[in-house]
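Below is one structure, written out as structure tokens, with a few remarks after it.
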Amino acid sequence: MEAPAAPHNPAEPGSSVQITVTSPEQMRELGRRLAKLLRAGDLVMLSGELGAGKTTLTRGLGEGLGVRGAVTSPTFVIARVHPALGDGPPLVHVDAYRLSGGLDEMEDLDLDVSLPESVVVVEWGEGKVEELTEDRLQVVIHRAVGDTTDEVRQMTITGVGERWASADLSVLAA
């Protein structure tokens with residue numbers, strides 16, 4: 001007699017992929033490829049040092065999603081909404097760097113209202129937006145720190161929750 005399967009924990013990581021990016025152009029192209037996997041209701045959390053390429057990746061996402069407006073860092077405005085030019089979802093781009101609180105402080109941005117019909121990308125969102133949904137894509141970007149002109153970035157992209165449990169993120173490494 002077989003033991004029953006253990007229940008799936010939605011907070012467990014689904015698929016994961018490691019990618020090396022060697023230029024800003026490659027980072028934007030990765031964003032365009034990633035956009036093909038995204039749909040309304042997706043939360044993407046970006047982590048990495050200042051200058052790691054989070055906004056460059058998001059710029060590529062915006063291009064891939066076909067949204068209106070130049071995707072630039074929302075550091076001083078906290079959040080920008082880029083409406084879709086076609087049938088796709090709008091992009092909500094949030095920079096939580098200046099926000100010290102958790103989800104309570106983020107509530108003013110109404111991300112819980114925007115999430116079902118948008119792709120929401122949050123830079124510096126660790127410990128602040130995980131409660132929005134059990135499903136999210138976590139993108140961690142590592143780069144050499146200090147006085148360097150090295151453009152190489154080591155990235156780990158991990159799907160968390162049911163939405164990403166069976167996703168083939170290896171297509172991003174192409």
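The basis for the numbers below is simple: all heavy atoms, side chains too, and nothing from hydrogens, waters or symmetry mates.
No path of Ile, Leu, Val, Met, Phe, Trp and Tyr side chains, each step under 4.5 Å between heavy atoms, connects Leu43 with Val140, placing them in separate hydrophobic clusters. In terms of hydrophobic clustering, with Ile, Leu, Val, Met, Phe, Trp and Tyr side chains grouped at heavy-atom distances under 4.5 Å, Val171 and Trp164 are assigned to a common cluster.
Evaluation of the side chain to side chain contact (heavy atoms under 4.5 Å, CB included) rule for Ala84 yields no partner, not counting sequence neighbours. By the salt bridge (Lys or Arg N to Asp or Glu O under 4.0 Å) test, Arg59 pairs with no residue at all, sequence neighbours left out. Not counting sequence neighbours, the partners of Gln18 by the side chain to side chain contact (heavy atoms under 4.5 Å, CB included) test are Thr156. Under the side chain to side chain contact (heavy atoms under 4.5 Å, CB included) criterion, Ala40 pairs with Pro89, sequence neighbours left out. Qualifying side chain to side chain contact (heavy atoms under 4.5 Å, CB included) partners for Ser170, counting only residues two or more places apart in sequence or in other chains: Asp168.
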Criterion side chain to side chain contact (heavy atoms under 4.5 Å, CB included) on Glu162 and Glu134, from CA distance to verdict
CA-CA 8 Å; Glu162 294 287 334; Glu134 292 178 340; over 6 Å; no
Step-by-step side chain to side chain contact (heavy atoms under 4.5 Å, CB included) determination, Leu137 to Leu169
CA-CA 10 Å; Leu137 199 60; Leu169 297 178; 4.1 Å; yes
Run the numbers on Val119 and Leu61 for side chain to side chain contact (heavy atoms under 4.5 Å, CB included), then give the verdict.
CA-CA 10 Å; Val119 169; Leu61 276 172; 5.7 Å; no
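The distance from the CE atom of Met27 to the OG1 atom of Thr55 is 10.5 Å, given to the nearest 0.5 Å. To the nearest 0.5 Å, the span separating CG on Leu30 from CD1 on Ile19 amounts to 5.0 Å. Interatomic distance, CD of Glu25 versus CD of Glu151, reported as 8.0 Å (0.5 Å rounding). Summarising the geometry, atom CG belonging to Leu91 is positioned 12.5 Å from atom CZ belonging to Arg68; distances are rounded to the nearest 0.5 Å. The structure places CE of Met155 at 8.0 Å from CG of Leu46, a figure rounded to the nearest 0.5 Å. Summarising the geometry, atom CZ belonging to Arg153 is positioned 12.0 Å from atom OG1 belonging to Thr20; distances are rounded to the nearest 0.5 Å.
Pairs passing the side chain to side chain donor-acceptor pair (under 3.5 Å) check and including a residue from residues 33-46, sequence neighbours excluded, read Asp42-Arg163.
When side chains are defined from C-beta on, Leu57 does not count as touching Val21, because their heavy atoms never get closer than 4.5 Å. Taking the side chain as every heavy atom from C-beta outward, Met45 and Glu130 approach each other to under 4.5 Å.
Looking at Lys54, its side chain never comes within 3.5 Å of a backbone N or O of Val122 through a donor-acceptor pair. Here the side chain of Thr158 pairs no donor or acceptor atom with the backbone of Ser16 at under 3.5 angstrom. Using modelled atom types, one side-chain atom of Thr133 and one backbone atom of Asp135 make a donor-acceptor pair closer than 3.5 Å.
For the side-chain contact (heavy atoms from CB on, under 4.5 Å) test with Arg80, the passing option among Val94, Val71, Val92, Thr72 is Thr72; the others fail.
Taking each heavy atom of Ala173 and Val17 in turn, the nearest pair found is CB-CG2, 4.2 Å. Scanning both residues, Glu117 and Pro90, for their nearest heavy atoms gives O-CD, 3.2 Å.
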